Every structure is written in C-alpha cells, then in structure tokens.
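Quick notes on the structure that follows.
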Amino acid sequence: EIPFDLSNVLFICTANVLDTIQPAFRDRMEILRLSGYTEHDKIRIARKFLIPKQLKENGLIDVQLRITTPALRRIVLQYTREAGLRNLERHISRICRKVARRIGGGEAGPFIVKVQNLEEWLGVPSYIVSSSLKRDQVGVACALAWTPTGGDVLFIEVATMPGSGQLLLTGNLGEVMKESAQAARSFARSRAEEFGLPADFHSKMDIHIHVPAGAIPKDGPSAGITIAVALISALSKRPVRANVAMTGEITLRGNILPIGGLKEKILAAQRAGITEVLLPAENQKEFSEVEDKIKAGLKFHFVTHIEEALKIAFADSPK
C-alpha cells in the first residue's frame, strides 16, 4: 500500500488475437498491428541468424554444412506454416543434428542440403503450396486470402443446376463469407439483363458455391469480388482467366471496397504463379508502400466496380 507514480510509465502489451481482450480495456489502448514475416524475410533471417546459431549450438562450422536458398525456400513454404520463425529454426536444427551425427560417425563433409535431397533430411513435406489453375474454366475464380501464417490462394467454385432457387454454401465458410456470397447473388440478380443472364435463374436454378479445403475454416469479406466473378461466369457460361487472382469486398451495388493483408496476398499470388492481380482502388496508398521486389513479375489492376473486374477476368471479349 505504498503510493507509486505511474504517470510516466508506458505499458506495452502483446497479443495474437484481440477478441479475448475485454472491450473497455481494449478501447483505452493504441493498437499497432504487425504483420508476420514474409517468405523473403524468413530466408534472410535464416541466413543471417538462425543457421549460424544452430551451427554453433551443434558444434559445426559453416564449411561443413550449406543449405541452398531454394532448399530454404522450400522449408519455409512446405515444411512450416507460421507467422514467426520457431518451426523454421527447429527444422534447421534438425538438419544440423543429423550432420553432426554423420560427422561423429566418420563421414567426411561438406554436406549440401538442396531441393533434390531435402526429403532425406526432413522427410515428406507437411504442406502443399497452392498453384494457379492450369486452364481457363467456367465458374472457377482465384481469390487471395490472408491467414495468420501469411497469404494464400483460394479457388471459388460455382455450379448451377435446375432447381427452386436455393443457394448452397460449402467449404467450412464463416458467417461473413456466407453474407458475401448472398450479396454477390443479389447483385447478379439485380443486373441479370445487363449481364445476359437467364432472367429467372433465381427461381428455377439452384446455385452451389464451394471453396475447397473444407477442413480449414474460412471467413472474411475479401472474397466477395471473386465469388461474384465466379457466379456470373457460371451463369453466363463465360470462362475466367486462369492466371488472374483477385481480392476485394463487394457491395450490393457492385462497388469494390478495400481489404487488409495486402502484402501477404501479393506474396501468395507470386508463389502460386499468378501473373495478374485485381485489387480495390482504395488500396493504392497501401500498395505504394509494398516493396518493389515483392511486386516484381505481377501486373496489377485497380478496380472500383465489379464491371471493371469482369472485363479483365473473363477470357473472352466482354459484350
């Protein structure tokens, strides 16, 4: 019960999620959001800090072990799925221990870890990197998603069939994503004549929207533009270009609203072999702050309305 002056003390708290913090307490905080490490960041940190540290801890010198950059990249993408670096360091440590054991057993170095022999050191990869579609398809469009472990690509699939106007949503979707699908259908219905869609599709046709990888929960509004493009593609029988990915929230009037996690989503597009990316026009300021090397090799289109997105996304010439 001794008085203590805290007027000049700055408290810093960290959290992985904000939902569990009491709202009144959270309202009194200034919140700084820090994104996870990118693929390029992880490789640089591994080269400069993690590998030297693990070599020292396992009694090795740098001439005895070399891990190539392509092998490091594969460890990051296919053996670890995290925002931080703990699992990456564990895998590097595992390689170092195996090298130390071989040297202790009388084998002569140096040992070179490369993509071709990575499975001998770490076993079968734990994750598969999503890649772009092989060909243009009707009713399938590529979305860019943010996850706690970085960006990823999602393929939105839409199928139509004779029915009574039901909307089926599968793929372990959250409430916000389901609402995006409903908004996309309402928009398509309100502009059916303009897009050359069957006028009575809402009453004589069932629509099934599916997002693969059903074991993984998915939510958020940023797939709205992709759902709308895939839906209109399925209804009009026009294919969507396989090399195009997109992200953006959609309104009932077809406007495209800004999204978060832009840097991670661009990296996901690059990894998947996408060549063109559709982004909300309101994200241009944030886009200018993304490093040029992350944007290299990609062509970007900034859109404000779904009509602009359709002109770019459809493989055939717009009518």
Side-chain angles (χ1 to χ4, degrees), residues 35-58 60-103 107-134 142 144-155 213 242-243 245 261-277 290-299:
S35 60
Y37 295 114
T38 66
E39 171 192 331
H40 302 278
D41 295 336
K42 290 179 179 181
I43 291 172
R44 285 201 300 267
I45 294 169
R47 279 263 174 260
K48 195 168 183 180
F49 299 104
L50 302 184
I51 293 176
K53 176 186 173 185
Q54 290 303 321
L55 287 173
K56 184 178 179 180
E57 289 188 359
N58 287 278
L60 302 173
I61 56 177
D62 54 4
V63 296
Q64 293 175 308
L65 170 64
R66 184 166 72 87
I67 304 176
T68 65
T69 299
L72 261 182
R73 181 172 290 108
R74 191 174 180 195
I75 294 172
V76 169
L77 295 178
Q78 293 189 286
Y79 287 86
T80 66
R81 189 67 65 92
E82 57 182 346
L85 296 160
R86 290 189 184 93
N87 283 325
L88 176 59
E89 185 171 11
R90 287 191 189 105
H91 282 79
I92 293 171
S93 174
R94 185 176 169 188
I95 292 172
C96 290
R97 289 196 302 271
K98 288 188 175 182
V99 169
R101 188 180 64 188
R102 289 191 182 187
I103 292 174
E107 291 187 44
F111 296 90
I112 300 175
V113 178
K114 45 192 177 181
V115 171
Q116 290 82 353
N117 66 1
L118 189 58
E119 290 190 17
E120 297 175 20
W121 296 95
L122 295 178
V124 179
S126 305
Y127 305 98
I128 298 173
V129 178
S130 301
S131 59
S132 61
L133 298 169
K134 305 301 181 188
C142 181
L144 298 175
W146 178 91
T147 71
T149 58
D152 205 352
V153 295
L154 297 175
F155 297 104
N243 64 330
L262 186 64
K263 181 179 174 182
E264 290 81 1
K265 291 178 179 180
I266 292 174
L267 277 169
Q270 201 175 64
R271 284 198 303 266
I274 298 294
T275 58
E276 294 187 41
V277 179
V290 178
E291 302 161 66
D292 289 338
K293 61 184 175 184
I294 292 177
K295 299 183 282 190
L298 296 172
K299 182 178 180 181

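Keep in mind that what you see is a predicted model, and the values were worked out from it rather than measured.
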For this session: Report yes or no: does Thr80 contribute a side-chain atom to a donor-acceptor pair with the main-chain N or O of Val76 at less than 3.5 Å?
Result: yes

Gap separating the [atom1] atom of [X] from the [atom2] atom of [Y], nearest 0.5 angstrom:
{"X": "Cys96", "Y": "Ile51", "atom1": "SG", "atom2": "CD1", "answer": "7.5 Å"}
{"X": "Ile92", "Y": "Leu50", "atom1": "CD1", "atom2": "CG", "answer": "5.0 Å"}
{"X": "Leu72", "Y": "Arg74", "atom1": "CG", "atom2": "CZ", "answer": "13.0 Å"}
{"X": "Glu291", "Y": "Ile266", "atom1": "CD", "atom2": "CD1", "answer": "10.5 Å"}
{"X": "Asn87", "Y": "Ile75", "atom1": "CG", "atom2": "CD1", "answer": "12.0 Å"}
{"X": "Leu298", "Y": "Gln270", "atom1": "CG", "atom2": "CD", "answer": "5.5 Å"}

Heavy-atom check, side chain of [X] versus side chain of [Y], under 4.5 Å:
{"X": "Asp292", "Y": "Lys295", "answer": "yes"}
{"X": "Arg86", "Y": "Arg90", "answer": "yes"}
{"X": "Glu82", "Y": "Leu88", "answer": "yes"}
{"X": "Phe111", "Y": "Ile103", "answer": "yes"}
{"X": "Arg97", "Y": "Arg94", "answer": "yes"}
{"X": "Glu57", "Y": "Lys53", "answer": "yes"}
{"X": "Asn58", "Y": "Val99", "answer": "no"}
{"X": "Leu267", "Y": "Arg271", "answer": "yes"}

Exercise. Any chance the side chains of Thr69 and Arg73 put a donor and an acceptor closer than 3.5 Å?
Worked result: no

So which heavy atom on [X] is nearest to which on [Y], and how close?
{"X": "Val153", "Y": "Cys142", "result": "CB-SG, 3.9 Å"}
{"X": "Pro52", "Y": "Ala46", "result": "CD-O, 3.9 Å"}
{"X": "Trp146", "Y": "Gly261", "result": "CD1-CA, 3.7 Å"}
{"X": "Gly151", "Y": "Ala268", "result": "C-CB, 3.4 Å"}
{"X": "Thr68", "Y": "Arg66", "result": "CG2-NH1, 3.8 Å"}

For this session: With sequence neighbours excluded, tell me which residues meet side chain to side chain contact (heavy atoms under 4.5 Å, CB included) with Asp62.
Result: Leu55

For this session: List in chain and number order the residues that pass side chain to side chain contact (heavy atoms under 4.5 Å, CB included) with Lys56, two or more places apart in sequence or in another chain; answer none if no residue qualifies.
Result: none

May I have the list of side-chain donor-acceptor pairs in residues 112-124 shorter than 3.5 Å, sequence neighbours left out?
unit_1: Asn117; atom_1: OD1; unit_2: Lys114; atom_2: N; d: 2.8
unit_1: Asn117; atom_1: ND2; unit_2: Ile112; atom_2: O; d: 3.0

For this session: Check whether more than 12 heavy atoms from other residues, nucleotides or ligands sit under 6.0 Å from atom CZ of Arg44, and answer yes or no.
Result: yes

